[in-house]
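A short worksheet on the structure shown next.
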Amino acid sequence: MSTVAAVEVDQSALRDNLVRVRQMAAPARVIAMLKADAYGHGLELAAEAFRDADAFAVATLEEAHRLRASGSSKRTVWLTGPRSAQDIAAARALALDLVIHHPAQLAWLEADPTQAAALWIKMETGMHRLGVRQSDLVQLHQRLAALDPAPPEICLMSHFACAEDAASPMTDAQVAAFRAASAGMAGQQSLSNSPGLLNFPGARADWVRIGGLLYGLSLLDDKTGADHGVTPAMRFSAPLIAIKDLAAGDSVGYGATWRASRATRLGVVAAGYGDGYPRSARTGTPVLIRGQRVPVVGRVSMNYLTVDLTDLPDADLGDIATLFGPELPAEILAAHAGTIAYEITCRAGTATR
Ligand SMILES: *Cc1c(COP(=O)(O)O)cnc(C)c1O
């Protein structure tokens with residue numbers, strides 16, 4: 001019996017999710033996001049499952065190194081792009097497409113006669129994170145096109161701030177700003193992330209950049225991956241390692257934040273925030289044992305959490321509790337912990353590896 005929290009990833013779910021995403025995205029091509037260790041699922045494992053994707057995207061050079069070391073030569077976009085002149089040579093050795101979001105990056109490219117990467121100009125349309133101002137776009141595009149040797153391709157992209165909210169006017173405004181600024185400009189285009197693909201199918205353009213849906217997750221209010229026809233690929237589980245009887249009035253855990261209102265059978269599960277389970281998960285957050293949901297009670301600690309087993313008398317030492325997984329979506333845990341499912345999988349994957 002394992003005594004620790006563990007993450008399992010279902011590669012066939014990842015493969016099936018890619019098929020589903022391709023159907024939704026067609027005729028747009030699909031860039032599979034592998035950043036943050038594939039949202040905690042493991043970059044190499046995810047890259048293998050997504051080998052039919054049209055391209056990959058990573059956030060860091062380290063991720064690109066790992067991807068190439070795993071044997072993948074697929075077209076890969078480096079989302080953050082170079083942060084120094086030296087980064088351009090490093091990216092070239094890894095055959096990465098570069099995202100250009102800042103004028104400083106142009107100067108490094110112009111100074112390096114060996115550069116020859118496909119480029120993605122990232123445009124500012126309302127997110128105000130990474131992106132080139134619309135007033136700088138035409139000149140930047142011209143200077144990038146004039147590089148010698150010429151880039152094999154210059155694509156245009158932008159990123160949605162509010163696509164998970166179908167009623168927000170922000171996305172339509174961003175699409176309009178993108179179209180106006182890029183009017184008459186050659187190059188393939190990419191706007192949508194997962195919530196953009198779901199809520200604004202008219203904005204698919206040439207390429208969609210998909211993370212959450214491929215991992216079986218949803219960002220839409222009160223929805224889970226299953227509502228979109230995808231399957232959560234990660235299961236986070238831990239064994240029940242102690243069971244005890246409490247009297248009415250006994251308190252549980254740090255801060256004594258929860259007190260039994262009746263005679264209570266309390267279970268201790270071997271997972272806590274040190275294993276990537278959110279400390280912010282409130283009393284009442286469901287955990288699945290023997291197919292039944294039981295509530296977390298009291299504060300989550302570093303390696304343990306406590307559950308009320310009074311209504312599950314069959315529960316026994318060694319039972320494996322599912323903290324989230326296909327039968328208990330990460331979106332539900334996230335809602336009880338004040339976060340989103342993406343953070344849940346990233347943290348669980350990182351902590352248990
Ligand atoms: C992470 C990311 C995406 C993917 O978002 P999902 O909601 O996971 O599909 C797309 N584009 C950019 C620039 C990103 O950073």
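Values below: all heavy atoms of this structure, side chains included; hydrogens, waters and symmetry mates excluded. Atoms within a ligand are numbered from 1 in the order they appear, just like the ligands themselves.
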Kindly assign one of parallel, tilted or perpendicular to the pair Tyr215 and Tyr39, based on the angle between their ring planes and the thresholds 30° and 60°.
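Correct class here is parallel.
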To check your reading of the model: name the closest protein heavy atom to [atom], its residue, and the distance in Å.
{"atom": "atom 12 (C) of ligand 1", "result": "His159 CE1, 3.3 Å"}
{"atom": "atom 9 (O) of ligand 1", "result": "Ser194 OG, 2.6 Å"}
{"atom": "atom 11 (N) of ligand 1", "result": "Arg209 NE, 2.9 Å"}
{"atom": "atom 5 (O) of ligand 1", "result": "Asn193 CB, 3.4 Å"}
{"atom": "atom 15 (O) of ligand 1", "result": "Lys35 NZ, 2.5 Å"}
{"atom": "atom 8 (O) of ligand 1", "result": "Tyr39 OH, 2.5 Å"}
{"atom": "atom 3 (C) of ligand 1", "result": "Met33 CE, 3.5 Å"}

Can you find a non-hydrogen atom of Tyr342 under 4.0 Å from ligand 1?
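Yes, that is the case, since the closest heavy atom of the residue is under 4.0 Å from the ligand.
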If we only count N/O pairs under 3.5 Å, is Ile210 in contact with ligand 1?
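No; the residue has no nitrogen or oxygen that sits under 3.5 Å from a nitrogen or oxygen of the ligand.
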Distance in Å, Ile320 CD1 paired with Arg290 CZ, rounded so as to fall on 0.5 Å steps
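Reported to 0.5 Å precision, the distance equals 11.0 Å.
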Reported OG1-to-CZ distance for the pair Thr264 and Arg259, which is rounded to 0.5 angstrom
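Nearest 0.5 Å value for the OG1-CZ distance: 12.0 Å.
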Please evaluate residues Glu63 and Lys35 with respect to the criterion salt bridge (charged side-chain N to carboxylate O under 4.0 Å, His left out), reporting the C-alpha separation (whole Å), side-chain torsions for both, the decisive distance (0.1 Å), and the verdict.
CA-CA 7 Å; Glu63 289 167 342; Lys35 64 191 182 185; over 6 Å; no
Donor + acceptor pair across side chains of Ser190, Arg209 (<3.5 Å):
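Judged by distance alone, the side chains do pair up.
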Could you check Leu323, Leu333, Val287 and say which one makes a side-chain contact (heavy atoms from CB on, under 4.5 Å) with Val296?
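Running side-chain contact (heavy atoms from CB on, under 4.5 Å) over Leu323, Leu333, Val287 with Val296 returns exactly one hit, Val287.
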What part of Pro195 sits under 4.0 Å from ligand 1 if we count only heavy atoms: the side chain, the backbone, both or neither?
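Just the side chain.
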With a heavy-atom distance limit of 4.0 Å, tell me whether Lys122 approaches ligand 1 through its side chain, its backbone, both, or neither.
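Looking at Lys122 and ligand 1, just side chain atoms fall under 4.0 Å.
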Pairs under 3.5 angstrom only: tabulate donor-acceptor contacts from the side chains of residues 85-93 to other protein residues two or more places apart or in another chain.
{"unit_1": "Asp87", "atom_1": "OD2", "unit_2": "Arg83", "atom_2": "N", "d": "2.8"}
{"unit_1": "Arg92", "atom_1": "NE", "unit_2": "Thr114", "atom_2": "O", "d": "2.7"}

